[in-house]
> 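This is the structure I want to talk about, given as structure tokens.
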Protein chains: 2
Amino acid sequence: MNKNLKRMATMQNMQKTGLELFYTKGYYNTSIDDILKELSLSKGAFYYHFSSKEDFFIEIVQNLLARKVYSLLIEPIEGHENPFELITNCFEDALETAVHNEMDFGFILGNFISEFNGRNPKIMKHLNDVLKIWEVNLVSTLQRGKFNGYIDRHTDSEAVAVFLISSFLGIRTMMVETAPSALKYRFMHQIKVYFKAIEAKKENV
Amino acid sequence: MNKNLKRMATMQNMQKTGLELFYTKGYYNTSIDDILKELSLSKGAFYYHFSSKEDFFIEIVQNLLARKVYSLLIEPIEGHENPFELITNCFEDALETAVHNEMDFGFILGNFISEFNGRNPKIMKHLNDVLKIWEVNLVSTLQRGKFNGYIDRHTDSEAVAVFLISSFLGIRTMMVETAPSALKYRFMHQIKVYFKAIEAKKENV
DNA sequence: ATAGTAACAAACTAGGTGGTCGGTTTATAT
DNA sequence: ATATAAACCGACCACCTAGTTTGTTACTAT
């Protein structure tokens, strides 16, 4: 096999199982040996490709987390259609993966932010960068929605974006144990109630 | 000094600094020695009073966390006044302590839930109990609000409670790094927008 | 005064942790 | 075929962890 391909494959395997284990067990609670055991690889292989556990994690954030957040939470709401529908569908999909206990990258992001807060500023910076990208793009979508006449023009897009992200991160925290499906249903309903409050008032059509 | 008093004092000191360190550094990332060093006590003292690190933490949840959640997030919204004002003021106060980087017990709860999710079912049960108590009491307040004519009677109180808690937990996650004061302001504004959407429609007063 | 015991101290165990390093395999270029 | 370097192995190190054990105070009831 081509050496370069092998290198890429090994590194990607490590990053993939690394993310899975960091997500399910937590960063500090997952040892490098845990990851290597899963792949039947040795310490030597790990430290040949990565310089430290911290750097390894940062590469995971940039190569896997950031891209997934982009493709699952940002791209789907980029159109010029009704922003309420775009965002609703996007959240609906994300929470549905959560109900099925699959990896939901918005939640993973929030989880890591909790874990590293006040403990590792370097990693926190990278996580906050991803969060910021999500926020900025949500603001864009909302501004576009105002421009296209869907959203009341007095609405504070920044505030709405913050509110949406925070409620999403929060509901995911709550969904971890008790009846996720019921929680999702209730949450989505209230999101729609909220959207009604900020939609453009049609002055007698 | 009375021996019983001394016992109580030592245990409470351990629990207090224990909670502070678990909160700031995380449970798995805080060793018992860390706590003991802070108090200039020895391992012998710890294992004389507590049977394990896990039991120690559970006692903290019940003795400190649960009580604080009750006195800071439940009691303040128990009156018969306008529930929107009660909840708004309560969140306002809680987020203000967050801005000043003091311990906000709603957030601590959400943080621990993230940390123990999927890692320690026994501890998770105790944390979920506290969360459930908060939720149940929020529902009571909302129902009372409907009864007293403040909240639209078609409103799903359970869903609103879930939505409020999730958004609160989420905004606290976001406040950990970037401009907490601005986030708080934006968040509180959108909470009010949301409340407007579920308040009782006054049919020509 | 003294016996008993609560409340600690301090050294220790057994098992992990991130990280290092000399050596071995495997693919590729010549 | 052979030289070379990439990719990987696995023993090892220093350190840290929760938890145990054995001793030493200091108070307190009698």
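A quick note: this is a predicted structure, and the numbers were derived from the prediction, not measured. Numbers restart at 1 for each chain; the letters A, B, ... are given by sequence-line order, proteins then strands.
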> Between B:Lys53 and B:Tyr27, is NZ or CZ placed under 6.0 angstrom from the six-membered ring centre and within 45° of the ring axis?
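B:Lys53 over B:Tyr27 ring: yes.
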> Return yes if a side-chain donor-acceptor contact under 3.5 Å exists between A:Ser31 and A:Asp34, otherwise no.
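On atom types as modelled, these side chains qualify, holding a pair under 3.5 Å.
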> Nearest-Å distance, NZ (B:Lys37) to P (C:dA10)?
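In whole Å, C:dA10 P lies 14 Å from B:Lys37 NZ.
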> Residues from residues 26-35 of chain B sitting under 4.0 Å of DNA chain D, heavy atoms only?
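Of all residues in residues 26-35 of chain B, the ones placing a heavy atom under 4.0 Å from DNA chain D are B:Thr30, B:Ser31, B:Ile32.
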> Does one side chain, of A:His80 or A:Asn148, offer a donor that lies under 3.5 Å from an acceptor on the other?
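Checked: A:His80/A:Asn148 side chains pair up, N/O donor to acceptor below 3.5 Å.
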> Check DNA chain C against residues 38-63 of chain B and give the residues with a non-hydrogen atom under 4.0 Å, in numerical order.
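Heavy-atom cutoff 4.0 Å gives B:Ser40, B:Leu41, B:Ser42, B:Gly44, B:Ala45, B:Tyr48, B:His49.
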> Out of A:Phe57, A:Phe107, A:Phe105, A:Phe22, which residue meets the ring pair (Phe, Tyr, Trp, His ring centres under 6.0 Å) rule with A:Phe112?
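Of the listed residues A:Phe57, A:Phe107, A:Phe105, A:Phe22, the ring pair (Phe, Tyr, Trp, His ring centres under 6.0 Å) partner of A:Phe112 is A:Phe57.
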> Between B:Tyr150 and B:Glu81, is the side chain to side chain donor-acceptor pair (under 3.5 Å) condition met? List the steps.
CA-CA 9 Å; B:Tyr150 291 107; B:Glu81 301 94 323; over 6 Å; no
> Salt-bridge test for A:Lys122 and A:Asp55: reply yes if a basic N is under 4.0 Å from a carboxylate O, no otherwise.
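Salt bridge: yes.
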> Only counting residues at least two apart or in another chain, list the ones meeting salt bridge (charged side-chain N to carboxylate O under 4.0 Å, His left out) with B:Lys16.
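So B:Lys16 forms no salt bridge (charged side-chain N to carboxylate O under 4.0 Å, His left out) with any residue.
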> Starting at atom CZ of A:Arg7, determine the distance to atom C1' of D:dA5, rounded to an integer number of angstrom.
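Checked: the CZ to C1' distance equals 13 Å.
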> Would you call the rings of B:Phe50 and B:Phe56 parallel, tilted or perpendicular if under 30° counts as parallel and over 60° as perpendicular?
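Ring orientation, 0 to 90° scale: perpendicular.
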